[in-house]
S.K.: 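Take a look at this one; I'll ask things after.
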Amino acid sequence: MIEKLYYRSAYSSKTIVRDLLLWLILLVFLVGGIAGVTYTAYSYRLVKAKLNQEADILIEEVSSILSSPLYENDLLSVTYIGKIYSRIPYLQGVHIEDKEGNTLFDSIGEEPIEVSREKDIRYNEQYLGHVSLSATDCKDHKHRIQTLVTIFCMGLALICAMVAGMHVIMRYIVINPLERFNRGLSEIAEGNYSIRLEPVPHQDLNHSVEAVNSLAGHIEHVVGELSYTRDFLQNVLDSMPSIIIGVDCGCRITNMNRTAIRSTGRIDKTYMGRVISDVFPGLAGNGIEMINRSIADRLPITIEKKNCPILGEKKYSEITVFPLAGADADGAVIRIDDITARTRLQEMMVQTEKMMSVGGLGAGMAHEINNPLGGILQAAQNIERRLSPGLEKNKEVALQCGFELQDLQAYLQERQIYAMLAGINDSGQRAAQIVQNMLQFSRSNDSVMQTCVLAEILDRVIELAGADYDLKRKYDFRNFHITRNYRPDIEVVCSRTELEQVFLNLLKNAAQAFGPSNANDSYSPEITINAYQDEEYVTIEVIDNGPGIEEDIQKRIFEPFFTTKKVGEGNGLGLAVSFFIIVDQHNGRLSVESTPGQGTMFVVRIPRRQYRCVSPS
């Protein structure tokens with residue numbers, strides 16, 4: 001812009017070149033005018049003095065010459081002399097009178113008389129007449145005017161030549177260096193601080209060039225450091241997983257990191273300068289009030305928010321407002337953190353503590369139940385022995401009491417006492433098996449690999465699932481048709497309790513997929529467990545004929561804390577823990593295959609060879 005303005009107004013606006021040329025022309029005109037006036041005045045004085053001197057000489061000469069003709073009364077000679085002197089260039093005319101005052105000759109016109117001389121004509125002291133003449137410098141004046149015009153024209157031509165010459169000289173000395181200087185300043189003004197002005201041959205202007213180059217270098221260094229610092233700080237902000245938003249005192253956005261920009265769903269920077277509630281509607285109302293209060297009190301404020309609209313549904317957020325600490329700073333920085341994992345982890349820790357307490361309580365209850373249960377089973381067995389006709393002691397005691405043992409046997413058979421005793425015995429055995437499974441499942445896991453029979457693990461998990469209170473109460477797991485397609489000779493190297501936990505989670509997930517038992521009467525729930533092996537892997541498939549899983553849910557089904565259940569019904573850790581156990585602890589694979597409306601299949605593949613510590617079964 002500077003360069004273009006200079007090209008357009010080198011002579012039409014107030015520039016150095018224009019002022020120099022104007023002052024030069026004015027100086028030449030002033031000198032020429034003074035010289036012309038001086039020349040005119042001096043020339044006029046010289047001509048005037050010379051004219052007076054010539055008039056004095058001529059009057060003496062004419063009066064002397066006319067004395068003889070007038071004395072002799074020769075009028076022709078008088079007239080001839082008058083005509084001769086009238087022809088002198090600077091004389092206007094001659095007037096001759098005789099002694100009676102009669103005009104003998106008169107050639108003086110009506111022009112104004114500048115110099116006049118008069119003298120009496122005498123001859124031997126005798127008065128003969130009177131002569132007068134007038135002189136003028138008119139011709140010299142015209143000559144002076146012509147001279148002045150010539151000088152003016154020559155001066156004007158000289159001025160034009162001087163202007164042309166000065167233009168060339170100024171172009172070389174001033175204009176070209178200034179144009180280069182201005183071009184460099186224009187580049188620097190537009191932000192090109194790496195440019196350097198070219199040196200000029202004039203030392204005084206070259207000092208300015210060096211100063212500007214030094215200033216540009218300093219600005220380039222400072223701008224570079226500022227740019228590096230700005231980029232570094234922006235990279236730090238962009239590297240943070242938290243949402244970082246800078247606002248001024250009017251809650252208008254001044255800066256955001258990459259996480260915050262992604263949360264808005266925009267890729268441009270139209271958010272700059274807008275009120276934060278327009279870009280993040282979730283911060284309207286209480287959010288704006290919190291920001292203003294933090295800026296006014298100069299204190300940070302932190303709140304936790306459930307179901308944060310900025311992070312999405314089912315997300316917990318921690319919103320912290322930090323007021324700017326500088327004395328001249330007036331604004332705040334807002335940090336929004338996703339604390340869903342931390343909150344869920346806290347809940348899981350609380351739940352884990354509860355489960356540990358419940359597990360310890362269950363183990364204690366199992367031990368306590370074992371004692372009366374053993375007594376019940378032992379008493380039932382003793383009753384059967386005391387009623388058995390095969391013992392002679394039973395017959396002797398019956399005869400002592402006055403009846404036959406056979407009659408008592410008939411009565412007990414008729415009243416189905418033996419069937420009741422068998423029921424007590426069977427129920428006691430089932431209860432004992434359930435207590436045994438609970439004790440084994442609740443034992444602390446040392447994650448020691450051992451060779452186990454897969455069929456035993458699967459059978460025990462099915463028994464545990466059948467005894468699960470929630471599965472019986474909500475889903476009536478006993479009504480599920482379980483198909484077992486696995487051989488009893490398949491062995492797997494694993495941590496027994498970890499693998500039991502995985503299959504129990506898969507069975508629970510399959511049962512819960514059908515929903516509560518009273519809500520899906522049209523279903524005939526089936527769960528099929530297939531197991532087979534090849535040279536490298538043991539593969540277990542858990543298949544149900546439930547409603548299936550949508551594709552977008554399948555992509556996230558193994559993520560921690562991801563759940564499709566209602567709040568309070570699940571924490572989203574069952575399948576995530578199962579995935580961790582199979583993939584990280586057993587170097588295996590866990591995958592899901594499902595089509596909506598056609599059921600779901602979870603596939604577990606465990607290597608037949610493990611490289612962790614293995615103990616014999």
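All residue numbers in this chain count up from 1 along the given sequence. None of the values given here were measured: they were computed from a predicted structure.
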S.K.: Quick check: does any side chain N or O of D544 sit under 3.5 Å from a backbone N or O of I527, one acting as donor and the other as acceptor?
M.R.: no
S.K.: Sequence neighbours left out, what passes side-chain contact (heavy atoms from CB on, under 4.5 Å) with L324? Give chain and number order.
M.R.: A329, V333
S.K.: Taking atom types as modelled, find out whether N255 and Q234 have a side-chain donor-acceptor pair closer than 3.5 angstrom.
M.R.: yes
S.K.: Quick one: does any side-chain atom of N505 pair with a main-chain N or O of L575 as donor and acceptor, under 3.5 Å?
M.R.: no
S.K.: Taking side-chain contact (heavy atoms from CB on, under 4.5 Å) as the test, write out the residues that go with S294, two or more places apart.
M.R.: I301, V321, P323
S.K.: Residues two or more places apart in sequence or in another chain: which of them pass ring pair (Phe, Tyr, Trp, His ring centres under 6.0 Å) with Y537?
M.R.: none
S.K.: Using modelled atom types and a 3.5 Å cut-off, is there a donor and acceptor pairing between side-chain atoms of H586 and backbone atoms of S495?
M.R.: yes
S.K.: Partners of S227 by side-chain contact (heavy atoms from CB on, under 4.5 Å), sequence neighbours excluded?
M.R.: R230, D231
S.K.: Quick check: does any side chain N or O of N530 sit under 3.5 Å from a backbone N or O of T483, one acting as donor and the other as acceptor?
M.R.: no
S.K.: Walk me through whether D459 and R484 qualify under salt bridge (Lys or Arg N to Asp or Glu O under 4.0 Å).
M.R.: CA-CA 9 Å; D459 291 340; R484 313 183 191 199; 2.7 Å; yes
S.K.: Using the test side-chain contact (heavy atoms from CB on, under 4.5 Å), find all partners of R252 that sit at least two apart in sequence or belong to another chain.
M.R.: D248, V275
S.K.: I'd like to know if R496 pairs up with E500 as an ion pair, taking the criterion as any Lys NZ or Arg NE/NH1/NH2 lying under 4.0 Å from an Asp or Glu carboxylate oxygen.
M.R.: yes
S.K.: Mind checking what makes salt bridge (Lys or Arg N to Asp or Glu O under 4.0 Å) contact with E384, not counting sequence neighbours?
M.R.: none
S.K.: Taking the side chain as every heavy atom from C-beta outward, state whether I319 and T302 have any pair of such atoms under 4.5 Å apart.
M.R.: no
S.K.: I'd like to know if the side chain of N545 and the backbone of S524 have a donor-acceptor N/O pair within less than 3.5 Å.
M.R.: yes
